[in-house]
There are 2 protein chains.
Amino acid sequence: MSRKPRVRSGGGITMHDVAKAAGVSAITVSRALNQPQLVSPPLRDKVLQAVDALGYVPSRSASALASARSRTVLVLIPSLGNTVFLDTLAGIEAVLAPAGYQMLIGNSHYDAEQELQLLRAYLQHRPDGLLLTGLSHAEPFDALLRQHALPAVYMMDLADDGRCCVGFSQEDAGAAITRHLLARGKRRIGFLGAQLDERVMKRLDGYRAALAAAGLSDPGLEWLDPSPSSMQMGADMLDAALRQRPDCDALFCCNDDLAIGALARCQQLGIAVPERLALAGFNDLQSAAWCTPSLTTVATPRRAIGEQAARALLRLMDGVPPETLRMDLGFELMLRRSS
Amino acid sequence: MSRKPRVRSGGGITMHDVAKAAGVSAITVSRALNQPQLVSPPLRDKVLQAVDALGYVPSRSASALASARSRTVLVLIPSLGNTVFLDTLAGIEAVLAPAGYQMLIGNSHYDAEQELQLLRAYLQHRPDGLLLTGLSHAEPFDALLRQHALPAVYMMDLADDGRCCVGFSQEDAGAAITRHLLARGKRRIGFLGAQLDERVMKRLDGYRAALAAAGLSDPGLEWLDPSPSSMQMGADMLDAALRQRPDCDALFCCNDDLAIGALARCQQLGIAVPERLALAGFNDLQSAAWCTPSLTTVATPRRAIGEQAARALLRLMDGVPPETLRMDLGFELMLRRSS
DNA sequence: TTGTATGCGTTATCAG
DNA sequence: CTGATAACGCATACAA
């Protein structure tokens with residue numbers, strides 16, 4: 001009852017072709033490639049030879065369909081334009097690739113709703129696991145994860161509700177850098193914030209807590225703008241801050257981009273840094289060490305976060321409980337000339 | 001003859017479940033989702049309702065297997081740590097996503113051999129098309145493309161051999177910035193190069209051509225290092241250059257990272273820029289406008305390259321010949337204080 | 001250690 | 001416009 005055979009595109013070399021060429025059955029080819037130890041050396045060699053000769057490339061779709069494992073991990077990050085997440089991606093890749101997993105990278109543009117759409121879209125690939133940035137996500141997000149029984153690891157921050165996470169305390173980091181500015185004798189320390197995502201707000205919390213502990217709280221020293229951060233924005237915010245509060249003697253910028261812009265503006269205006277105004281950033285981008293004066297900032301273990309998160313996810317995907325549910329990788333103050 | 005039903009992971013809601021819930025056949029569900037115009041409105045609504053109610057997510061693997069189209073595009077870039085390629089990725093994504101395609105991103109780390117491995121690995125996903133960085137690739141690369149009948153678009157540079165490409169002339173750009181330095185009255189113009197990939201070497205060619213045309217060739221003014229570029233390396237190369245050739249009066253750095261490092265070093269050493277030494281970079285990164293003095297550089301249409309390359313690829317994948325095989329998007333000199 | 005039969009979830013083909 | 005049926009390429013379960 002065979003109809004007209006379908007015309008298919010593609011190289012079209014399949015496992016059966018290899019099997020025929022090697023004089024074995026298809027399943028032996030499958031095993032020779034995926035579980036070599038189950039195939040006798042002579043047969044295995046013949047198969048591998050045939051694979052090479054024919055230029056056979058296994059089909060991931062067919063494999064995923066048959067095995068219900070896609071060998072794929074979905075990584076959701078808020079931005080591709082930020083070195084922070086690139087370093088994290090590099091760490092993830094370094095761990096996942098040797099384990100045979102491939103990354104699907106989704107860029108949410110710092111938008112929870114878009115992140116949800118991305119999850120929906122990438123769910124079509126049936127990823128075996130998920131690496132997420134931050135702890136809070138749009139509403140049906142966690143429900144979707146449960147429905148699809150997707151193991152997930154949360155990166156960059158620390159949760160206390162049993163979710164597996166790898167990161168550091170954004171709040172502690174914000175507090176620590178603020179205390180450093182206090183220790184330098186600064187008393188009217190301002191905060192410059194852009195983007196205003198979850199992590200920036202936690203740094204702000206830390207900043208507030210440190211000032212409160214010193215009895216120096218002053219809401220009039222906070223400048224917040226939800227638009228994406230840039231050096232231009234840092235320069236503009238510096239202008240605004242000095243105009244409104246000329247008595248301000250230090251600024252903690254929520255990231256290095258902002259800080260570098262502010263620093264450049266100070267140079268242009270002839271404002272003495274750190275004497276008249278101390279500046280601190282966050283993340284320790286490459287440029288931070290190379291601007292003049294060099295920028296005090298907080299170094300974050302981004303690459304390590306990616307690596308450890310990927311390792312934890314590998315365990316989860318294998319059904320093994322992770323060693324630690326909450327992995328605190330800490331941070332480091334980089335004290336330079338700007339403070 | 002049914003055996004024990006397989007235990008499957010995943011939400012496990014399939015098209016058949018939706019079909020049952022909507023009281024139609026599976027194929028009608030497929031059509032309601034993929035070719036709505038072929039299904040009567042009432043049925044279509046019932047189906048879509050059932051899809052929502054059940055939280056059905058189609059399986060890309062099954063679809064790809066059945067249709068021989070993965071709706072996936074492989075993007076091969078040399079680095080994720082470089083803003084240049086991020087902007088390009090953003091442009092690509094902006095075009096491909098609305099067209100229903102997803103990107104697979106492969107990072108070759110500037111290594112042709114690794115790039116070839118990546119192609120092999122990602123070929124398992126049977127991508128419908130390929131976006132490549134640069135023109136030259138490891139040996140069996142193009143053969144593989146042909147064997148798998150993969151449409152490809154080459155980004156960042158311009159070919160003359162019939163390959164579809166979107167970019168600009170790296171050589172012309174290198175020559176243009178060199179001529180600018182000449183016009184500023186500089187006579188002993190050096191070249192600082194790192195990474196030494198294809199595009200850097202073409203910029204070097206342009207630099208050499210411009211100097212030769214002015215009768216000012218001087219091989220002793222070239223400093224080349226194959227390791228990855230960084231600001232640190234820019235600073236180190238500046239030291240070396242001034243030690244070996246104190247008469248050098250301008251430097252064209254093959255990218256902005258190098259230039260910014262060199263610039264910072266000049267600041268530290270008290271070298272007057274541009275009077276004693278003029279500096280120029282390449283790419284026009286955000287920082288270039290914000291260092292002191294601001295950096296003269298070459299702005300490249302990275303995002304537009306991504307967009308146009310993606311558009312061209314969409315045409316190729318639809319079997320339509322591209323409007324232009326060779327799309328020159330040009331470049332722009334950003335003349336700032338450092339020259 | 002190797003092979004046989006079967007099914008994964010979807011779409012192409014062709015018939016109503 | 002809708003449906004039945006047969007692939008798509010591979011891996012699981014089981015038998016030999």
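A quick note: this is a predicted structure, and the numbers were derived from the prediction, not measured. In what follows, every chain begins at residue 1, and chains take the letters A, B, ... in the order their sequences are listed.
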Participant: Go through C:dT4, D:dC10, C:dT10 for me and flag the one nearest to the A:Thr14 side chain.
Facilitator: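 Output: D:dC10.
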Participant: Measure up the B:Tyr110 and B:Phe85 rings against each other and bin them: parallel (under 30°), tilted (30 to 60°), perpendicular (over 60°).
Facilitator: perpendicular
Participant: Quick one: list whatever passes salt bridge (Lys or Arg N to Asp or Glu O under 4.0 Å) with B:Arg302, sequence neighbours left out.
Facilitator: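 Scan of B:Arg302 (salt bridge (Lys or Arg N to Asp or Glu O under 4.0 Å), adjacent residues dropped) gives B:Asp87.
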Participant: Please pick, from D:dC10, C:dT10, C:dT4, the nucleotide with the shortest atom-to-atom distance to any side-chain atom of B:Met15.
Facilitator: C:dT10
Participant: Does the pair A:Asp128/A:Arg71 count as a salt bridge with the N-to-O cut at 4.0 Å?
Facilitator: no
Participant: Could you check whether B:Asp160 pairs with B:Arg326 (Lys NZ or Arg NE/NH1/NH2 to Asp/Glu carboxylate O, under 4.0 Å)?
Facilitator: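 Here B:Asp160 pairs with B:Arg326 in a salt bridge, since their nearest N and O are under 4.0 Å apart.
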Participant: Considering only heavy atoms, which members of residues 29-40 of chain B lie under 4.0 Å from some atom of DNA chain C?
Facilitator: B:Ser30, B:Asn34
Participant: Tell me: CZ of B:Arg71 to P of C:dT11, nearest whole Å?
Facilitator: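 It is 11 Å, rounded to the nearest whole Å.
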Participant: Side chain of A:His16 only, heavy atoms from C-beta on: which candidate in C:dT10, C:dT2, D:dC10 is closest?
Facilitator: D:dC10
Participant: For B:Asp17 and C:dC8, give me the distance from atom CG to atom P, rounded to whole Å.
Facilitator: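 The answer, rounded to whole Å, is 11 Å.
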Participant: Kindly point out which of C:dG7, D:dT2, C:dT2 is positioned nearest to the side chain of A:Ala66?
Facilitator: C:dG7
Participant: Please report, rounded to the nearest Å, how far the C1' atom of D:dA7 is from the CG atom of B:Leu65.
Facilitator: 9 Å
Participant: Is it true that, when you exclude A:Gln117 itself, more than 12 heavy atoms of the residues, nucleotides or ligands shown sit nearer than 6.0 Å to its CD?
Facilitator: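 Counting neighbours around CD of A:Gln117, more than 12 heavy atoms of other residues, nucleotides or ligands fall under 6.0 Å, so yes.
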Participant: Could you list the residues that satisfy salt bridge (Lys or Arg N to Asp or Glu O under 4.0 Å) with A:Arg146, not counting sequence neighbours?
Facilitator: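 Testing A:Arg146 for salt bridge (Lys or Arg N to Asp or Glu O under 4.0 Å), a comparison that skips the adjacent residues, returns none.
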Participant: Of the nucleotides D:dT12, C:dT2, C:dG3, which has the atom closest to the A:Ser25 side chain?
Facilitator: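 Closest nucleotide to the A:Ser25 side chain: C:dG3.
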Participant: Compare the minimum distances between each of D:dC10, C:dT10, C:dT2 and the side chain of A:Ala62, then state the nucleotide with the smallest one.
Facilitator: D:dC10
